[in-house]
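Read the structure below first, then the notes.
Heads up: numbering here begins at 1 and tracks the sequence.
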Amino acid sequence: MYLDRQRYLEYRQSKQAASIIAMNWIMVMKMTTIRSRLKTSRALYLMKFRERLKELKTTWPSIQTKKRVIIHIPSRGYSQGIRDSLVDYHNLQNSQMGRICDVNDPNVEVIYISPIDLDNDMQQYYQKLLGMG
């Protein structure tokens with residue numbers, strides 16, 4: 001009776017160890033599969049990006065000669081908590097205001113959406129700046 005119990009306990013212990021090994025092996029195989037899929041999807045994404053970039057490079061001269069509209073919406077990708085804690089966050093976003101100088105190209109119209117209300121002084125400044133070009 002004692003020997004049977006000892007054998008049973010050893011069997012149960014080895015079965016538990018085998019279960020742990022099997023579960024770890026399953027997890028390793030799943031992670032390997034996931035890594036392989038990620039690697040494939042990243043390679044595909046990179047390939048498509050390069051194709052789009054090549055297409056843009058070939059069509060850019062014709063894009064530059066055609067009339068176009070540039071819409072600039074200033075946005076900083078900060079979380080709400082960071083945005084709330086920054087001093088003059090809207091002024092920081094508005095630092096891209098220089099983008100309106102793209103209007104010097106006769107084929108370009110720029111729509112700039114300002115995150116803040118521009119006072120008269122700022123409006124006059126940018127109107128003078130644009131008038132110089």
Side-chain angles (χ1 to χ4, degrees):
M1 187 65 99
Y2 174 77
L3 289 175
D4 290 338
R5 172 123 176 100
Q6 285 300 99
R7 282 190 213 132
Y8 172 72
L9 291 176
E10 287 175 14
Y11 166 75
R12 198 169 80 180
Q13 187 178 15
S14 63
K15 185 177 177 183
Q16 188 176 21
S19 295
I20 291 171
I21 292 170
M23 290 300 293
N24 283 334
W25 178 250
I26 289 170
M27 292 305 294
V28 166
M29 294 308 295
K30 283 184 180 183
M31 290 301 290
T32 303
T33 304
I34 289 171
R35 283 188 188 109
S36 173
R37 286 182 186 171
L38 280 174
K39 189 175 181 180
T40 303
S41 70
R42 286 177 184 154
L44 181 64
Y45 178 81
L46 185 60
M47 183 183 71
K48 287 181 180 181
F49 171 78
R50 287 182 177 151
E51 287 174 4
R52 287 190 305 269
L53 184 62
K54 188 184 289 185
E55 181 182 341
L56 180 62
K57 281 181 181 179
T58 58
T59 59
W60 184 248
S62 66
I63 292 172
Q64 279 185 311
T65 59
K66 294 180 183 175
K67 289 196 174 282
R68 62 193 184 279
V69 176
I70 298 174
I71 301 174
H72 183 70
I73 303 172
S75 62
R76 303 265 180 177
Y78 301 134
S79 67
Q80 186 65 42
I82 293 174
R83 282 184 273 167
D84 292 340
S85 68
L86 289 175
V87 177
D88 291 334
Y89 174 69
H90 295 297
N91 289 332
L92 179 64
Q93 278 197 160
N94 207 35
S95 65
Q96 292 290 316
M97 188 74 165
R99 299 278 307 252
I100 64 171
C101 293
D102 286 336
V103 298
N104 289 335
D105 185 347
N107 292 329
V108 174
E109 291 184 33
V110 175
I111 298 173
Y112 185 87
I113 300 174
S114 177
I116 59 173
D117 291 330
L118 296 177
D119 57 5
N120 287 334
D121 292 337
M122 289 296 288
Q123 288 179 4
Q124 289 175 3
Y125 170 76
Y126 283 110
Q127 287 173 352
K128 286 180 185 178
L129 180 67
L130 292 172
M132 293 174 120

Could you note down all residue pairs passing salt bridge (Lys or Arg N to Asp or Glu O under 4.0 Å) where residues 104-115 supplies at least one of them, sequence neighbours left out? Arg68-Asp105
More than 12 foreign heavy atoms under 6.0 Å from CD of Gln6: is that the case here? yes
Provide the full list of salt bridge (Lys or Arg N to Asp or Glu O under 4.0 Å) pairs with a residue in residues 5-22, sequence neighbours left out, each pair given once. Asp4-Arg7
From Met31 atom CE to Ile26 atom CD1, the distance as rounded to the nearest 0.5 Å: 14.5 Å
Residues joined to Ile21 in its hydrophobic cluster, side chain to side chain under 4.5 Å directly or through other members, sorted by chain and number, are none
Could you work out, with side chain to side chain contact (heavy atoms under 4.5 Å, CB included) as the rule, every residue matching Arg50, not counting sequence neighbours? Leu46
Non-hydrogen side-chain atoms of Val69 and Ile111 separated by less than 4.5 Å: yes
Of all heavy-atom pairs linking Ile82 and Ser85, the shortest is O-OG, 2.9 Å
To the nearest 0.5 Å, what is the distance between CD1 (Ile34) and OG (Ser41)? 11.5 Å
Aromatic rings Tyr11 and Tyr8: how do their planes relate, parallel, tilted or perpendicular, breaks at 30° and 60°? tilted
Between Ile71 and Val110, does a side chain to side chain contact (heavy atoms under 4.5 Å, CB included) hold up when you go through it step by step? CA-CA 6 Å; Ile71 301 174; Val110 175; over 6 Å; no
Per the salt bridge (Lys or Arg N to Asp or Glu O under 4.0 Å) rule, what does the pair list look like for residues 19-41, sequence neighbours excluded? none
Considering only heavy atoms from C-beta outward, does the side chain of Lys48 approach that of Leu44 to under 4.5 Å? yes
Side-chain hydrophobic cluster, 4.5 Å single linkage: members besides Met1: none
Please check if atom CE in Met27 has more than 12 non-hydrogen atoms from other residues, nucleotides or ligands closer than 6.0 Å. no
